[in-house]
Amino acid sequence: MPRSPMNHRWTLRGAVRLLGGAPRNVPPDGGGGTGEEPRLTPAEALRLLREGNGRRSGRGAGNAGGAGGGRSAARRPIAAVLACVDCPVPPEALFGQEPGALLVIRTAAHTLDATVEGSVEYGPVELGVPLVVVLGHERCGAVAAALESRTAGTRPPAHLAVAAARLAAACRDGAEAPGDAVENTVRAQTDRVVARLRDDPVLLPLLRRGDLEVVGAHCRPDSGVVEFPGAP
């Protein structure tokens, strides 16, 4: 069934109200004289994340490790990050940002459902976040479990079966590619989620106006290096 932008939008706003807050629309000029900082462009937000990761991973000038030099928590989030629950390094640390500078959503192997997609939409639509990052990582346990159950013909326990089912297409892509099946599947899953979010009916107008970009990323937790394959 096609997704309805109107219903999707209504659901997102309704969820915000149920949480006790009114929807917050952030105009492109950064608040119309309210004293808020100007809104970042997608390119500027991506540059901040790359620079922060360079500091964290030792690739940037003057790196001292940690999150020093990141954006203040008091400011509007600069990006929404859909990451995996299994990634051992928090996205804020990976990108050298202070707590609150990123809107972080975590699921097993960064899988999507309607609730997760609505949570991703919340950043750009209600907070004016200019960038969505879909972050995969090496040695993903959720992907490894899905591949193992697929190979053995067994069903993962409890609700992990739902996550494994959502990974089925990426598992097929990963199995067909040469090299490490887990690594291939993680990258395939990232590509699929990026494609779906770029086709999201709520995000699409922002993408078309250039107010938003959705990019894939891949993390190597041991070194802290984050790659942005295909990003500008």
Side-chain angles (χ1 to χ4, degrees), residues 1-16 18-19 42 45 49 77 79-87 90-91 94 102-127 129-138 140-147 149-150 155-156 158-175 182-208 212-219 226 228-231:
M1 177 181 292
R3 289 174 287 170
S4 165
M6 183 177 296
N7 289 342
H8 218 49
R9 177 73 166 162
W10 180 90
T11 301
L12 178 61
R13 286 184 171 274
V16 173
L18 286 174
L19 289 171
L49 295 191
V81 180
L82 175 58
C84 176
V85 294
D86 189 43
C87 186
L94 283 172
L102 301 177
L103 184 65
V104 178
I105 305 105
R106 285 202 188 211
T107 65
H110 46 287
T111 52
L112 279 179
D113 61 17
T115 302
V116 175
E117 197 160 354
S119 299
V120 173
E121 291 171 349
Y122 177 79
V125 173
E126 299 297 338
L127 301 181
V129 170
L131 181 69
V132 173
V133 178
V134 180
L135 179 63
H137 69 100
E138 285 184 324
C140 178
V143 165
L147 286 169
S149 66
R150 178 181 174 85
R155 179 181 173 84
H159 285 82
L160 288 176
V162 177
R166 295 188 182 280
L167 286 168
C171 286
R172 287 194 298 270
D173 293 345
V182 172
E183 181 81 354
N184 292 340
T185 301
V186 170
R187 291 179 181 272
Q189 171 67 0
T190 299
D191 291 344
R192 285 181 170 274
V193 173
V194 167
R196 173 162 169 170
L197 290 175
R198 285 178 176 168
D199 193 43
D200 179 289
V202 174
L203 301 181
L204 198 55
L206 297 172
L207 288 159
R208 286 175 173 168
L212 175 68
E213 185 57 85
V214 179
V215 299
H218 192 76
C219 164
V226 178
F228 291 90

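- Taking NE2 of H137 as the reference point, atom CG of D86 lies at 4.0 Å (rounded to 0.5 Å).
- Taking every heavy atom of both residues into account, L212 and L207 meet most closely at O-CD2, 3.3 Å.
- Closest of all the heavy-atom pairs between C87 and L94 is SG-CD1, 4.3 Å.
- With sequence neighbours excluded, no residue forms a side-chain contact (heavy atoms from CB on, under 4.5 Å) with A145.
- Of the options N184, L167, V194, a side-chain contact (heavy atoms from CB on, under 4.5 Å) to Q189 is made by L167 and by none of the others.
- Contact detail for P124 and L206: the closest heavy-atom pair is CB-CD1, 3.8 Å.
- When side chains are defined from C-beta on, L102 counts as touching L49, because their heavy atoms get closer than 4.5 Å.
- The shortest distance between side-chain heavy atoms of V133 and V226 does not fall below 4.5 Å.
- Closest heavy-atom contact between T111 and A163: CG2-O, 4.1 Å.
- R198 places a side-chain N or O within 3.5 Å of a backbone atom of V214 that can act as its donor or acceptor partner.
- The side-chain contact (heavy atoms from CB on, under 4.5 Å) search around P205 returns R209, not counting sequence neighbours.
- Taking CG of L147 as the reference point, atom SG of C171 lies at 4.0 Å (rounded to 0.5 Å).
- Considering only heavy atoms from C-beta on, L82 comes within 4.5 Å of L112 through its side chain.
- Taking every heavy atom of both residues into account, P229 and H218 meet most closely at CD-N, 4.5 Å.
- For T190, the side chain to side chain donor-acceptor pair (under 3.5 Å) partners two or more places apart in sequence, or in a different chain, are H110.
- For A83, the side-chain contact (heavy atoms from CB on, under 4.5 Å) partners two or more places apart in sequence, or in a different chain, are V81, P91, R106, L135.
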Exercise. Before giving the answer on side chain to side chain contact (heavy atoms under 4.5 Å, CB included), spell out for D200 and E117 the whole-Å C-alpha distance, their side-chain angles and the decisive distance to 0.1 Å.
Key: CA-CA 9 Å; D200 179 289; E117 197 160 354; 2.6 Å; yes
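- E213 meets the side chain to side chain donor-acceptor pair (under 3.5 Å) test with no other residue; sequence neighbours excluded.
- Of all heavy-atom pairs between L127 and P77, the closest is CD1-CG, 4.2 Å.
- Scanning for salt bridge (Lys or Arg N to Asp or Glu O under 4.0 Å) contacts around D173 gives R192, with sequence neighbours left out.
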